[in-house]
Amino acid sequence: MSEFEKLSPPSGGELIQIKRKRISVPDKPIIPVIPGDGIGPEITAVMRAVVDAAVAKAFDGRRQIQWMECLAGEAAMASYGTPMPDDTVKAIQKYVVAIKGPLTTPVGGGIRSLNVAFRQILDLYACVRPVRYYRGVPSPHRRPQKVNVVIFRENTEDVYAGIEYKAGTDEANRVRDFLVNELGANIREFSGIGIKPISEFGSKRIVRKAIQYAIDNKRSSVTMMHKGNIMKFTEGAFRDWGYELAKEEFAKDVISEDELWEKYNGQAPRGMIVLKDRIADSMFQQIQTRPDEYDVIATPNLNGDFLSDAAAALVGGLGLAPGANIGDFVGLFEATHGTAPKYAGKNMVNPGSLILSSVMMLEYMRWNRAARLITKALQATIRQKKVTYDLERQMKGATKLGSKEFGEAIISNM
């Protein structure tokens, strides 16, 4: 009897396994793919065509992804009666690596956000957002080529796991009374009250993920972004726990910024990663004025939400901003923009975000040759000024392509 209610895994596919604390990818892995809502099915189809072409070319046909289509969001309601079927969650858990288009959370049903629900149910605690510039993309920044950061945003705590009580309700009044009368807090009457949890466990594992990424990818620094000058026991603790983690687990690979100047006169020893921290408001200024001083950035949830979109704006916007939600092993790669329902079915929207998310997926699978093929072909296509409408309207002399035709141009440039 099948473990799935309505899904049938591809007969020729193989299972990604976990060996020695790493994923082990066979030549024909089964990869769940969620087309998504709105423009999702269109850009997902383009992404699949680009990935299939790159994998075939990079590995001379020896490797092939066995796509397993799964449903979530509005598309799942007709088949399952729920926007988040158990089938889809089980498939991602079993097959380890998955990719999805943008999703709409249907009104009602008790789910605040499908994206947040996936992260919490699957414990995908790291939202990973690389932000870099592709030559030829219109940008409001004078030197966008200096932006090349990877943001590790904690996914399961902070305000996204926050607890809120509406102003004037009995719950809000009781919480206020306790804080004022028992703990001496100063809170106005009839305030809405929110609580944001940040733990040592959650903080250390996101900083660990960021540092390990920096080591694996030969990056030079990790910066912890926080508002610890004001929120000392949540965001300040995030910073302190990060430094503790670095000393406990990465003493041979990481030095603090203080040590950099006290012991090494500002010159990091070869192969050593510098661990820094910056106040959030200062970080927003410096990512614009001195972006080349930042490499890997680790943040609590809300800070990372703000920073990743702000950084993406410097290099041309969300149309070319990839993303992933990653746990200890499971990785769910995704477009970082919305469903844009008014453009659905019009073959207009830039599929670049999802295509670049597939590059992240291939790198996670260590199929780097195929990942590099896509990246280089995408860059070549943009330099040829063969782009979708969002970029064409900002580029002099550009040729406007539909979503599908943009993917075909990328494939032709491989």
Side-chain angles (χ1 to χ4, degrees), residues 43 102 126-155 206 210 213-214 217 219-227 274 276-325 333-338 340 349-360 363 371 374-376 378-383 385 387-396 398 406:
I43 64 171
C127 179
V128 185
R129 294 278 298 272
V131 182
R132 56 165 290 191
Y133 180 65
Y134 293 92
R135 191 155 57 104
V137 175
S139 166
H141 200 267
R142 287 179 60 191
R143 296 181 297 276
Q145 69 275 10
K146 291 192 172 186
V147 180
N148 188 355
V149 297
V150 182
I151 298 167
F152 281 74
R153 166 193 172 202
E154 205 289 321
N155 243 350
I206 192 66
Y213 177 90
N217 292 277
R219 295 276 187 154
S220 61
S221 69
V222 175
T223 303
M224 296 178 289
M225 174 186 172
H226 60 90
K227 192 61 180 170
V274 180
K276 324 183 237 191
D277 72 272
R278 295 291 182 269
I279 302 298
D281 41 330
S282 173
M283 189 76 221
F284 274 107
Q285 183 236 135
Q286 293 192 24
I287 198 67
Q288 297 178 68
T289 58
R290 297 147 64 179
D292 50 339
E293 293 183 14
Y294 297 96
D295 202 343
V296 177
I297 302 170
T299 81
N301 195 298
L302 186 60
N303 289 336
D305 199 6
F306 293 152
L307 186 69
S308 54
D309 280 14
L314 299 178
V315 298
L318 292 177
L320 291 170
N325 298 293
F333 299 81
E334 63 179 358
T336 57
H337 52 70
V349 172
N350 187 348
S353 174
L354 192 59
I355 290 171
L356 289 170
S357 297
S358 76
V359 169
M360 291 181 69
E363 290 172 341
I374 295 174
T375 301
K376 289 179 180 179
L378 176 68
Q379 287 178 313
T381 307
I382 293 170
R383 285 199 301 272
K385 297 188 176 182
V387 292
T388 46
Y389 85 98
D390 55 317
L391 298 179
E392 181 268 340
R393 62 188 177 181
Q394 304 178 68
M395 297 168 68
K396 197 171 182 178
F406 182 63

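The structure presented is a predicted model; accordingly, all values stated were derived computationally and were not measured.
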Got a second to check how far Leu354's CG is from Met360's CE, nearest 0.5 Å?
12.0 Å
Considering only heavy atoms from C-beta outward, does the side chain of Ile206 approach that of Phe152 to under 4.5 Å?
yes
Taking only residues two or more places apart in sequence or in another chain, which ones pass salt bridge (charged side-chain N to carboxylate O under 4.0 Å, His left out) with Arg219?
Asp295
Side-chain contact test, heavy atoms from C-beta onward, threshold under 4.5 Å: evaluate it for Val137 versus Leu391 and give yes or no.
yes
Taking atom CD of Glu293 and atom CD1 of Ile287, what is their separation to the nearest 0.5 Å?
10.0 Å
Identify the two heavy atoms, one from Pro322 and one from Leu356, that lie closest to each other, and give their separation to 0.1 Å.
CB-C, 3.5 Å
Lys227 NZ to Arg278 CZ distance, which is reported to the nearest 0.5 Å:
14.5 Å
Sequence neighbours excluded, which residues qualify as side chain to side chain contact (heavy atoms under 4.5 Å, CB included) partners of Ala371?
Val359, Leu362, Glu363
Using modelled atom types and a 3.5 Å cut-off, is there a donor and acceptor pairing between side-chain atoms of Thr223 and backbone atoms of Ile297?
no
Between Met395 and Ile382, the two heavy atoms sitting closest are CE-O, 3.8 Å
With sequence neighbours left out, what residues match Lys276 under side-chain hydrogen bond (donor to acceptor under 3.5 Å, both in side chains)?
none
Heavy-atom pair of closest approach, residues Val128 and Pro130:
O-CD, 3.8 Å
NE2-CD1 distance between His226 and Ile279, expressed to the nearest 0.5 angstrom
4.0 Å
Any heavy-atom pair between the side chains of Leu307 and Phe284 that's under 4.5 Å?
yes
If you apply the rule side chain to side chain contact (heavy atoms under 4.5 Å, CB included), what do you find for Val147 with Val131, and how did you get there?
CA-CA 7 Å; Val147 180; Val131 182; 4.1 Å; yes
Interatomic distance, CG@Asn325 vs CZ@Phe333, rounded to 0.5 Å, equals 9.5 Å
Sequence neighbours left out, what passes side chain to side chain contact (heavy atoms under 4.5 Å, CB included) with Arg143? Give chain and number order.
His141, Gln145, Lys146
Do Met225 and Asp277 come within less than 4.5 Å of each other through their side chains, counting heavy atoms only?
no
Shortest non-hydrogen pair, Gly323 vs Ser357, comes out as N-OG, 3.1 Å
Least distance between heavy atoms, Ala311 atom then Ile151 atom
CB-CD1, 4.4 Å
According to side-chain hydrogen bond (donor to acceptor under 3.5 Å, both in side chains), who are the partners of Ser221, at least two apart in sequence or on a separate chain?
none
The test is side chain to side chain contact (heavy atoms under 4.5 Å, CB included); show your working for His337 and Asn350 and say whether it passes.
CA-CA 10 Å; His337 52 70; Asn350 187 348; over 6 Å; no
Any salt bridge (charged side-chain N to carboxylate O under 4.0 Å, His left out) involving residues 296-322? Give me the pairs, sequence neighbours left out, ordered by first then second residue.
Arg129-Asp309, Arg153-Asp305
Does Gln394 use its side chain to pair, donor to acceptor, with the backbone of Asp390 at less than 3.5 Å?
yes
Please give me the minimum heavy-atom distance between Ala321 and Thr336, naming the atom from each residue.
O-OG1, 2.7 Å
Side chain to side chain contact (heavy atoms under 4.5 Å, CB included) for Arg132 and Thr375? Distances and angles first, verdict last.
CA-CA 12 Å; Arg132 56 165 290 191; Thr375 301; 3.9 Å; yes
